Amino acid sequence: MNAHDSEQMAQILSEAGYVETDEVGRADIIIINTCSVREKAAQKVYSHLGRLKKLKQKRPGLVMGVAGCLAQEHGTGFFRRAPYLDFVLGTHNIQHLPGMIEEIRNTGSRIADTSFHRSVMSLGIRTLPPGGGVSAYVTIMQGCNNFCSYCIVPYVRGREESRAGADIVDEIRFLADNGIREVTLLGQNVNSYGRTLYGDADFPTLLGMVNEIEGIDRIRFTTSHPKDLSEDLACCFADLDKLCEHIHLPVQSGSDYVLRGMKRGYTAGEYLEKVGMLRDACPDIAITSDIIVGFPGERDEDFQKTIDLMREVRFDNTFSFKYCDRRGTASEKYDGKIEEKVSGERLCALQSLQERHSLEKNRYLDGRVEDVLIEGLSKNNDADITGRTRGNKIVNLAGDADMVGRTVRVRIVQAYTHSLRGEMLEGGRNVC
Ligand code: 5AD
Ligand code: SF4
């Protein structure tokens, strides 16, 4: 979500005549796009700002601001912590960016623009990925109404609001016309897409519409909330040829006691049922997840239930985090905060189990033939190209730049924990 916001900022600034630079020392405008979902990300912003302060002292004409979730959360409070900042731009106001910079340059004033709007104009800013990439993000909805007890997102991104299906389809047609082959539909909870659109499509219907768009070969989406995952959506994995066989389905915990405290709205058993439903529809679907350890009140036996659930599901990958308090959330006030050392140990145990499962999942692909969409040249080896399977596994293989954007048939010849090695099949260039 944040990466896409950055692309949108770059896009509207380039339309206003600005040119991107890799050298921070040469920039006339610096924007730090921030995330406040977890504390670590927030801390990084302040240390980064400290380094940039020196640049501002050297070049007073430099316009410097913060955008994103942390900007939304702190608003003008940012000016107290970093008085050298010129602007604070909230999550709903990206489209104001060029006008805001103009005003700062003309008047020298400081601006904080963190108002919320029911319909967020910036959702419609069309961007193409940098460097001629073949995969693009499309925001289909903003905000979240779930208020999981640990999560700051509803406070910094506002209430859930879906974009009209016709606008989304138009945008994807534009992307396809500009060489994009894969789209990732973005929303905090895509499964509830359409609830705020009276009479318009629900998410499975939207997927069906996107599946019809010529030029698009692959569709992905993120993120799904387990409580809203319907049988219709599971069937899409069987019925829609372009929908890739991968779902990111954050479970957060395997303990019903913890899930209740998190206000997730499902039990571990219900989560497992949804996994079963997905695998019935699509036996080889790759499933990834987010997990929080050390949620307030998490006992050893609760953590063990998370481990048990992981053993049962065997996720292809998980993103795991130590719980941290976020300002204004319900769980900030919960008793039973877990010692850092205990959370650290649980995180370590969980991650080493996941490494084993990831390797096991990748080994299952060894020797099989996969369709791989080539995304670019490998960063580690000049003679290699890199792409992804439909299950979202990274594959490196020998090849050249003219393959970028093509889907090729590849035999997997080596499985690692986080990637695969492949060989293009004879005639593999002809898939599409
Ligand atoms: N502490 C730790 N992890 C969190 N996440 C969200 N809020 C918190 C928090 N307060 C994690 C969840 C979510 C992912 C994006 O970040 O696992 O799915
Ligand atoms: Fe946060 Fe829960 Fe909404 Fe996800 S569903 S963004 S965890 S409140």
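The analysis underlying the following values was restricted to heavy atoms, covering all of them including side chains, and did not include hydrogens, waters or symmetry mates. Quick caveat, the model's predicted, so the values are computed rather than measured. Counting starts at 1 for both ligands and their atoms, following the listed order.
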Are the side chains of F321 and E39 in touch, meaning some heavy atoms are under 4.5 Å apart? no
Is there a donor in the side chain of D228 and an acceptor in the side chain of N189, or the other way round, less than 3.5 Å apart? yes
Between the side chains of H92 and Q142, is a donor N or O closer than 3.5 angstrom to an acceptor N or O? yes
Closer than 4.0 angstrom, basic N to acidic O: yes or no for E160 and R195? no
Minimum-distance protein heavy atom relative to atom 7 (S) of ligand 2: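 Answer for atom 7 (S) of ligand 2: Y150 OH, 3.4 Å.
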Only one of I374, T386, D384 passes side chain to side chain contact (heavy atoms under 4.5 Å, CB included) with L397; say which it is.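 Of I374, T386, D384, side chain to side chain contact (heavy atoms under 4.5 Å, CB included) with L397 is met by I374 alone.
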Exactly one of D284, D371, D366, D316 clears salt bridge (charged side-chain N to carboxylate O under 4.0 Å, His left out) with K393, and that residue is D316
Which value, rounded to the nearest 0.5 Å, describes the distance between [X] atom [atom1] and [Y] atom [atom2]?
| X | Y | atom1 | atom2 | answer |
| --- | --- | --- | --- | --- |
| H96 | F87 | NE2 | CZ | 13.5 Å |
| N392 | E182 | CG | CD | 7.5 Å |
| Y137 | L175 | OH | CG | 13.0 Å |
| L207 | L240 | CG | CG | 6.0 Å |

Tell me the residues surrounding ligand 1, counting only those with a heavy atom closer than 4.0 angstrom, sorted by chain and number. V37, R38, Y150, Q252, D290, I292, F321, K322, Y323, C324, R326
Listing by chain and number, what protein N/O/S atoms are under 2.8 Å from atom 2 (Fe) of ligand 2? C148 SG
